[in-house]
A.B. asks: 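I'd like to ask some things about the structure below.
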Amino acid sequence: MGVLHAALDSGVTFLDTADVYGDGRSELLIGRLLAERPDAAISVATMGRRADPHVPGAFTLAAFRSWTDRSRANLGVEVLDLVQLHCPPTAVFSDDRVFDALDTLVQEQRIAAYGVSVETCDEALAAIARPKVATVQLILNVFRRKPLERVLPAALEAGVGVIARVPLASGLLSGKYDESTTFAPGDHRTFIPGARNASQVRDNAAAGELEPLSAEVLDALREIYDDGIRESVHERW
């Protein structure tokens, strides 16, 4: 709880969790935070992934109601701020029934808005084309620059929010690792900016106060990507 309170004290206003993190424990802890800090101006996004994410037929209105009711109870709220489908199968993006079901959740006041976490830029563009999708979440960092070309401009034009995940490339951009670093078998990298203690969360929050990178640095990063990375990853997703 100390990490969560430190985040709010440092100006964090958005928490991204999921219904499967700790089988609901993450949501329960955030629910405690909301109860302890009722005046905090904070939005919470949670993800629906209680069924096999690779089965398109799992994304039904009945399933959504069950998932969101559990999340609402865990978080202690009547209305979820934002619910995101967690990297659903590509077929889901062309299934009107899925988005009709999400619209129903909004109408029933179970959720205020919905979005999609995606694996590929094409999926992001398909989600952005849906008229009521509020957000897309996708990998975006200096090693994964493809969204800058089409996804971000399309999202801006459509008024869709973008949530960048893996911004530090699972820690590779944090400065903690070098060519001699080895990871134990089964080591799990976190996929969003994370913190194990209050000091780390304050450091993460402080990054928001840094000046934007200069044009020279941005150009240098672009050259590194184009010369050494683009060929290997750009068309993969």
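It should be emphasised that the depicted structure is a prediction, and the values quoted were computed from it without experimental measurement. For the numbers below, each heavy atom of this structure counts, side chains included, while hydrogens, waters and symmetry mates do not.
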A.B. asks: Assess the residue pair Met1 and Glu36 against the criterion (side chain to side chain contact (heavy atoms under 4.5 Å, CB included)); give the C-alpha distance rounded to whole Å, side-chain angles, the decisive distance to 0.1 Å, and a yes or no.
C.D. replies: CA-CA 10 Å; Met1 291 301 296; Glu36 294 173 7; 3.8 Å; yes
A.B. asks: Could you check whether any side-chain heavy atom of Met47 comes within less than 4.5 Å of a side-chain heavy atom of Val83, counting everything from C-beta outward?
C.D. replies: no
A.B. asks: What is the minimum heavy-atom distance between Ser10 and Arg202, and which atoms define it?
C.D. replies: OG-CG, 3.2 Å
A.B. asks: Please check this pair: side chain of Arg72 against backbone of Glu78, looking for a donor-acceptor N/O pair closer than 3.5 Å.
C.D. replies: yes
A.B. asks: Please round to the nearest 0.5 Å and tell me the distance separating atom CD of Gln137 and atom CD1 of Ile139.
C.D. replies: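 Those atoms lie 9.5 Å apart.
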A.B. asks: How would you list, by chain and number, every residue that makes a salt bridge (charged side-chain N to carboxylate O under 4.0 Å, His left out) with Asp95, sequence neighbours excluded?
C.D. replies: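 Once residues adjacent in sequence are excluded, the partners of Asp95 under the salt bridge (charged side-chain N to carboxylate O under 4.0 Å, His left out) criterion are Arg97.
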A.B. asks: Would you name the heavy atoms of Pro88 and Ser117 that are closest together and state the gap between them?
C.D. replies: CD-O, 3.5 Å
A.B. asks: Got a sec, which residues hit ring-ring contact (aromatic ring centres under 6.0 Å, His included) with Phe64, two or more places apart in sequence or on another chain?
C.D. replies: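 If we apply the ring-ring contact (aromatic ring centres under 6.0 Å, His included) test to Phe64, skipping adjacent residues, the hits are Trp67.
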A.B. asks: Glu108 vs Arg65, test: salt bridge (charged side-chain N to carboxylate O under 4.0 Å, His left out). Steps then yes/no.
C.D. replies: CA-CA 10 Å; Glu108 294 176 347; Arg65 283 174 173 153; 2.4 Å; yes
A.B. asks: Tell me, do Thr90 and Glu123 make a side-chain contact under 4.5 Å, heavy atoms counted?
C.D. replies: yes
A.B. asks: So, the side chain of Ser66 versus the backbone of Ala62: is there a donor-acceptor pair under 3.5 Å, distance only?
C.D. replies: no
A.B. asks: Can you tell me how far apart CG (Leu4) and CG (Leu15) are? Round to the nearest 0.5 Å.
C.D. replies: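 Going from the CG atom of Leu4 to the CG atom of Leu15 covers 6.5 Å.
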A.B. asks: What residues, two or more places apart in sequence or in another chain, satisfy side-chain contact (heavy atoms from CB on, under 4.5 Å) together with Ala206?
C.D. replies: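 For Ala206 there are no side-chain contact (heavy atoms from CB on, under 4.5 Å) partners, ignoring immediate neighbours.
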A.B. asks: So Ser43 and Thr13, do their side chains get closer than 4.5 Å, heavy atoms only?
C.D. replies: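 Side-chain contact under 4.5 Å: no.
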A.B. asks: From Phe59 CZ over to His86 NE2, what is the distance, rounded to the nearest 0.5 angstrom?
C.D. replies: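 Phe59 atom CZ to His86 atom NE2 measures 10.0 Å (nearest 0.5 Å).
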A.B. asks: Flag the pair Thr46 / Gln84 as yes when at least one side-chain heavy-atom distance between them is below 4.5 Å, and no otherwise.
C.D. replies: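 Result no, sub-4.5 Å side-chain heavy-atom pair not found.
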A.B. asks: Between Leu138 and Ala124, what is the shortest heavy-atom contact and its length?
C.D. replies: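 Minimum heavy-atom contact is CD1-CB, 4.4 Å.
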A.B. asks: Are Val98 and Leu85 side-chain neighbours, meaning at least one heavy-atom pair lies under 4.5 Å?
C.D. replies: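 They are in side-chain contact.
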A.B. asks: How long is the straight-line distance from CG of Leu140 back to CD1 of Ile163, given to the nearest 0.5 Å?
C.D. replies: 12.0 Å
A.B. asks: Side-chain contact test, heavy atoms from C-beta onward, threshold under 4.5 Å: evaluate it for Val44 versus Thr17 and give yes or no.
C.D. replies: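 A side-chain contact under 4.5 Å exists here.
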A.B. asks: Could you pull out the closest heavy-atom pair between Pro147 and Pro153, with the gap in Å?
C.D. replies: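 In terms of heavy atoms, the two residues are closest at O-CD, 4.1 Å.
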A.B. asks: Could you see if Ile229 belongs to whatever hydrophobic cluster contains Leu221? Use Ile, Leu, Val, Met, Phe, Trp, Tyr and a side-chain cutoff under 4.5 Å.
C.D. replies: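 Yes: a chain of side-chain contacts under 4.5 Å links Ile229 to Leu221.
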A.B. asks: If you look only at pairs with a residue in residues 91-125, which of them pass as a ring-ring contact (aromatic ring centres under 6.0 Å, His included), with sequence neighbours excluded?
C.D. replies: none
A.B. asks: So if you build clusters from Ile, Leu, Val, Met, Phe, Trp, Tyr with side-chain heavy-atom gaps below 4.5 Å, do Val106 and Val133 land together?
C.D. replies: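 In one cluster with Val106: Val133, yes.
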A.B. asks: Between Asp69 and Arg110, does any NZ, NE, NH1 or NH2 come within less than 4.0 Å of an OD or OE carboxylate oxygen?
C.D. replies: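 Asp69 and Arg110: salt-bridged.
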A.B. asks: Please check: side-chain N/O of Ser232 versus main-chain N/O of Gly228, any donor-acceptor pairing under 3.5 Å?
C.D. replies: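 Pair absent, no side-chain N/O of Ser232 close to backbone of Gly228.
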A.B. asks: Which pair of non-hydrogen atoms, one from Ala63 and one from Ala58, has the smallest distance, and what is that distance?
C.D. replies: CB-O, 3.4 Å
A.B. asks: Within a strict 4.5 Å, meaning less than it, do heavy atoms of the Arg145 and Arg222 side chains meet?
C.D. replies: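 SC-SC contact between Arg145 and Arg222 confirmed.
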A.B. asks: Specify the closest pair of heavy atoms between Ser71 and Glu27, including all atoms of both residues, with the distance to one decimal.
C.D. replies: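 Closest heavy-atom pair between Ser71 and Glu27: OG-OE2, 2.7 Å.
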A.B. asks: Please check if Val77 and Leu105 belong to a single hydrophobic cluster, counting links between Ile, Leu, Val, Met, Phe, Trp and Tyr side chain heavy atoms closer than 4.5 Å.
C.D. replies: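 Both belong to a single hydrophobic cluster.
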A.B. asks: Is there a path of hydrophobic side-chain contacts, each under 4.5 Å between heavy atoms of I, L, V, M, F, W or Y residues, that connects Val151 with Leu148?
C.D. replies: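 Same cluster.
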A.B. asks: For Arg130, check salt bridge (charged side-chain N to carboxylate O under 4.0 Å, His left out) against everything at least two apart and list the hits.
C.D. replies: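 Arg130 satisfies salt bridge (charged side-chain N to carboxylate O under 4.0 Å, His left out) with Asp96 once adjacent residues are dropped.
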A.B. asks: Hey, does the side chain of Asn141 reach the backbone of Val166 with a donor-acceptor pair shorter than 3.5 angstrom?
C.D. replies: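 Present.
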A.B. asks: Quick one: do Leu28 and Leu34 end up in the same hydrophobic cluster if we chain Ile, Leu, Val, Met, Phe, Trp and Tyr together by side-chain heavy atoms under 4.5 Å apart?
C.D. replies: no
A.B. asks: Look at Arg25 together with Asp19 and state whether they make a salt bridge at an N to O cut-off of under 4.0 Å.
C.D. replies: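 Not counted as a salt bridge, because no side-chain N and carboxylate O are separated by less than 4.0 Å.
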A.B. asks: Which pairs with one or both residues in residues 200-237 pass ring-ring contact (aromatic ring centres under 6.0 Å, His included), sequence neighbours excluded?
C.D. replies: Tyr225-His234
A.B. asks: Answer yes or no: is there an ion pair linking Lys146 with Glu119, defined by an N-O contact shorter than 4.0 Å?
C.D. replies: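 So Lys146 does not pair with Glu119 through a salt bridge.
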A.B. asks: Any chance you could lay out the side chain to side chain contact (heavy atoms under 4.5 Å, CB included) test for Glu216 and Asp219, step after step, and finish with the verdict?
C.D. replies: CA-CA 5 Å; Glu216 291 79 7; Asp219 287 342; 5.8 Å; no
A.B. asks: Can you find a heavy atom in the side chain of Arg150 that is under 4.5 Å from one in the side chain of Cys121?
C.D. replies: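 Counting from C-beta outward, Arg150 and Cys121 never come under 4.5 Å.
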A.B. asks: Once rounded to the nearest 0.5 Å, what's the spacing between atom CD of Gln107 and atom CG of Asp100?
C.D. replies: 9.0 Å
A.B. asks: Is there a side chain to side chain contact (heavy atoms under 4.5 Å, CB included) between Phe14 and Val12? Walk through the geometry before answering.
C.D. replies: CA-CA 6 Å; Phe14 177 73; Val12 171; 5.5 Å; no
A.B. asks: Between OG1 of Thr68 and CG of Leu80, what distance do you get to the nearest 0.5 Å?
C.D. replies: 6.5 Å
